[in-house]
**Q** 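Just passing along the structure, written as structure tokens.
Residue numbering restarts at 1 for every chain, and letters A, B, ... go by the order of the sequence lines.
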4 protein chains.
Amino acid sequence: MSGKAGTYRYVSTKERIDMAALHLFAERGFKGTTIKDIAKVVGITEGAIYRHYKSKEEIVENLIDRVIKDLGKRLSDAVAKGKNLTEKIKLAVDTLITYAFEKPDCFRYLNIYHLFKKSPKDKDRRFPGKILMGLFKEAYRAGVIAVKPELALCITVGTVERLFIFNEIGLISKGDRSFMGEVEDSILRAIGIKNGVISKNIAL
Amino acid sequence: MSGKAGTYRYVSTKERIDMAALHLFAERGFKGTTIKDIAKVVGITEGAIYRHYKSKEEIVENLIDRVIKDLGKRLSDAVAKGKNLTEKIKLAVDTLITYAFEKPDCFRYLNIYHLFKKSPKDKDRRFPGKILMGLFKEAYRAGVIAVKPELALCITVGTVERLFIFNEIGLISKGDRSFMGEVEDSILRAIGIKNGVISKNIAL
Amino acid sequence: MSGKAGTYRYVSTKERIDMAALHLFAERGFKGTTIKDIAKVVGITEGAIYRHYKSKEEIVENLIDRVIKDLGKRLSDAVAKGKNLTEKIKLAVDTLITYAFEKPDCFRYLNIYHLFKKSPKDKDRRFPGKILMGLFKEAYRAGVIAVKPELALCITVGTVERLFIFNEIGLISKGDRSFMGEVEDSILRAIGIKNGVISKNIAL
Amino acid sequence: MSGKAGTYRYVSTKERIDMAALHLFAERGFKGTTIKDIAKVVGITEGAIYRHYKSKEEIVENLIDRVIKDLGKRLSDAVAKGKNLTEKIKLAVDTLITYAFEKPDCFRYLNIYHLFKKSPKDKDRRFPGKILMGLFKEAYRAGVIAVKPELALCITVGTVERLFIFNEIGLISKGDRSFMGEVEDSILRAIGIKNGVISKNIAL
DNA sequence: GATGAATGAGCATTCATTCAT
DNA sequence: CATGAATGAATGCTCATTCAT
């Protein structure tokens, strides 16, 4: 989950626990993953896990924090970079798609977490969805998008999610970059982006 | 999921097990639901469950069969009813949205099932996604929709799914019928429906 | 377990329960056989068994009674038929061997029963072993056999038992009648029968 | 079954599980013995058993391996020690009798195991019976014994087994050493040992 | 930091037995 | 007589967690 390319020699045990847990949780769910499973992947024993975390729940929560913070920052950065609302939205959508395919475990984990756990309020503040929602609300008020912000969020997040799942199943191929462009276009078209730049590229 | 409309006095134990299991599985997942949980909801003991099903797995599989058959039939019917491709698509999308909000447990169950279980091939034949995919493929070849069929499927299913989740969280309110119309419009716009008939019936 | 040849149309359910239970108990043991197993073989449901027996234990005990009575009678008859002690012993050994191969389930049941259940005292009176023991005691006192009666019983019963097991495994073939004769000779020789009649027929 | 003679302070939990399981299995059979029973005797909880064995079946198989190896070695050693076939047979029979009374649980376990489980082929190679059978086959060919090897095995093993059972019931007393000699004599006489050496050492 | 034995609660499943029909 | 649903206690096994080493 380091995200940074480059060589390093040592990865702390805690980090390795995180990586193993993230992958297993994403694949088998929380109840379907045991402490022993995680320990086996890391190459330590069950008891050793408890040197780093005081419960399974803590691993789960720590991971979701990291994932939310990670994606949250990327989205914030993207939004900050855009010169106008249209560009901000475009960059945000792009970020979301890129994130899903670059860090599939994280993306899958995020989805599973929200499917089964009721996200505590304090976490919501940094929740990626909030950032997008804020962006869409502003865009809606400004008349930049045609649909209500909640719907814009549904379309964006939902489409990317399904895209990701279909890619996992092998129904579509992520290598297909032109397809990714098409995805973006469709999403933007669906939310009714009115900006000329967009409308030039995408036939409305 | 009883199938029969109208009033009835008696619901068989098996049916009550199905209803309880569907609800619990949808809410807590498969591993998060115990046989005891199901039995408690039904009002019988654990052992009695095994008079009707020979394993927990059998309940899971029986339920997904029912849900797939149910939604599959609704979609088939909807597609059959449409006079042309555009209308077929519209009716299918409408059916999906209606289904999600009318039978939330079923819809949620379907999503969870595909998230963790690899659907056996023979089940796929009736899988609702296949019906939509077939429809979108035909529409794409006929030039009725602008985006590739896989993408059309992602947008449709993904958006409805998110919509459903946001509704559950309370982010949007399903009572808002005009919003539902807006959803349909957005989806249709996203997949690039080109037919004029649509634009007449549905305010774009 | 009727033992009588001849045609009959109807076998009572209770009799069929007995036959099924005898076979299953002999093959899988008491704990390894369930009421459902028995019911399935008979072709009735579990509950129906309780019309005929009030517990599993009762089936077990009823069966052992029948088997003990059956073999006991055969042995008594054999002993009664012999004109002298030597002949009585010969006939008894013959009866035991014949019984083991003619009614393997009964013989196996008898062995298993005594391996795990402590035979109640009142049953002992009719216990086949008692008859043989009585015979050997008398023969020992009369100087007809060379070894102590307990040992004579061990040799006789033990050898037949092993013979039976080896036959089941396929190590020996019961069809081999000359072998059976050899068995008898060996047993008689082992217990040190001193009578001339015997020594004539059987090469010592 | 510890193998090591002399005093020791500590017996590993696994060894204690083995001892407890051996005893209980021998007494109540496999199905009649629960993991909880074993744990209770050892003084640990059920879960702890699974730290040492991954299933009840594994305990059963591990035990039979140990018993077979143990008795197998004793018999091999005995056979190796004998200077001629007659002496080898005598020593083997002696070993078997001694084993049965010295390690009653092991002996009983061996019998029960073969009564209900079909011994896998690879285990047979070391199976005690095979050693005796080999010995008897050779002796039969050499004309040292009068009866067929299979029958010799039946008599030997069967008699010892019954002797053991009668001792358990209290019908005979193992303390009676002269009786044991008598047993040996009878077995040897039954299989028709012809060698003079035997008749010298053992009073016929 | 790490090990691995142990705990104790829990889980899916089985089974003898009961009982309303 | 027979059915089959239901009970309730058990059974083999799992798992998060603790703890002595």
**Q** Distance-only, no hydrogens or angles: does the B/Glu27 side chain make a donor-acceptor pair with backbone N or O of B/His23 under 3.5 Å?
**A** no

**Q** Can you measure C/Tyr50 atom OH to E/dC19 atom P for me and round it to whole angstrom units?
**A** 13 Å

**Q** Using a 4.0 Å cut-off on heavy atoms, which residues in residues 31-38 of chain C reach DNA chain E? List them by number, or say none.
**A**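 Those residues whose heavy atoms fall under 4.0 Å from DNA chain E, taken from residues 31-38 of chain C in numerical order, are C/Thr33, C/Thr34, C/Ile35.
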
**Q** Of all the choices, F/dT3, F/dA16, E/dA16, which nucleotide is nearest to the side chain of C/Thr45 once you look at every atom?
**A**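 Per side-chain heavy atoms of C/Thr45, the pick is F/dT3.
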
**Q** Ignoring backbone atoms, establish whether B/Thr13 has a side-chain N or O less than 4.0 Å from OP1 or OP2 of F/dA6.
**A**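 Looking at the OP1 and OP2 atoms of F/dA6, one of them is under 4.0 Å from a side-chain N or O of B/Thr13.
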
**Q** Assess the pair B/His114 and B/Phe127: is the distance between their ring centroids shorter than 6.0 Å?
**A**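 Yes; B/Phe127 has its ring centre under 6.0 Å from that of B/His114.
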
**Q** Expressed in angstrom and rounded to an integer, what is the separation of C/Lys40 atom NZ from F/dT3 atom P?
**A**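 My rounded result for the distance is 14 Å.
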
**Q** Side chains of A/Ile165 and A/Asn111: closer than 4.5 Å at any heavy-atom pair?
**A**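 With C-beta onward as the side chain, the pair stays apart.
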
**Q** To the side chain of D/Lys56, which of E/dT17, F/dC13, E/dG8 is closest?
**A**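 Looking only at side-chain atoms, D/Lys56 lies closest to F/dC13.
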
**Q** I need the CZ-P distance between B/Phe30 and E/dC11, as an integer number of Å.
**A** 17 Å

**Q** Please report the shortest heavy-atom distance between B/Tyr109 and B/Ala26, naming the atom on each side.
**A**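 Reported closest heavy-atom pair: N-CB, 4.1 Å.
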
**Q** Between atom CD in D/Glu58 and atom C1' in F/dC13, what is the gap in whole Å?
**A** 13 Å

**Q** Measure from CD1 on B/Ile17 to C1' on F/dA5 and round the result to the nearest Å.
**A** 10 Å

**Q** In whole angstroms, how far is the C1' atom of E/dC11 from the CG atom of B/Leu24?
**A** 15 Å

**Q** Is D/His52 near enough to E/dA6 that one of its side-chain N or O atoms lies under 4.0 angstrom from OP1 or OP2?
**A** yes

**Q** Check DNA chain E for consecutive Watson-Crick or G-U pairs with both distances under 3.5 Å and list the runs of at least three as stems.
**A** E:2-21 with F:2-21

**Q** More 5' along DNA chain E: B/Glu57 or D/Ile44, using each one's nearest nucleotide?
**A** D/Ile44

**Q** Donor-acceptor pair, distance only, cut-off 3.5 Å: does the side chain of C/Tyr113 make one with the backbone of C/Leu63?
**A**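 Checking the backbone N and O of C/Leu63 against the side chain of C/Tyr113, no donor-acceptor pair under 3.5 Å is found.
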
**Q** Where each residue is assigned the nucleotide of DNA chain F containing its nearest heavy atom, which of B/Ile49 and D/Arg51 is assigned the position nearer the 5′ end?
**A** B/Ile49

**Q** Determine, stepwise, if the pair B/Lys40 / B/Glu46 fulfils salt bridge (charged side-chain N to carboxylate O under 4.0 Å, His left out).
**A** CA-CA 8 Å; B/Lys40 207 173 286 173; B/Glu46 300 155 83; over 6 Å; no

**Q** Would a distance-only check, ignoring hydrogens and angles, find a side-chain to backbone donor-acceptor pair under 3.5 Å from B/Asp37 to B/Thr34?
**A** yes

**Q** Taking the side chain of A/Glu46 as its heavy atoms from C-beta onward, which of E/dG4, F/dC13, F/dT17 lies nearest to it?
**A** F/dT17

**Q** Mapping C/Ala48 and D/Ser55 onto DNA chain F by nearest heavy atom, which one lands closer to the 5' end?
**A** C/Ala48

**Q** Using a strict threshold of under 4.0 Å (side-chain N to carboxylate O), is an ion pair present between B/Glu61 and B/Arg66?
**A** no

**Q** Would C/Lys56 pass as a cation-pi partner of C/Phe30, given that its NZ or CZ must be under 6.0 Å from the six-membered ring centre and within 45 degrees of the axis?
**A** no

**Q** Would D/Lys31 and D/Glu57 count as a salt bridge (charged side-chain N to carboxylate O under 4.0 Å, His left out) if you check the C-alpha gap in whole Å, the side-chain angles of each, and the deciding distance to 0.1 Å?
**A** CA-CA 11 Å; D/Lys31 299 255 181 175; D/Glu57 190 63 20; over 6 Å; no

**Q** Provide, to the nearest angstrom, the distance between the NZ atom belonging to B/Lys14 and the C1' atom belonging to F/dA6.
**A**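 Value for this atom pair: 16 Å.
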
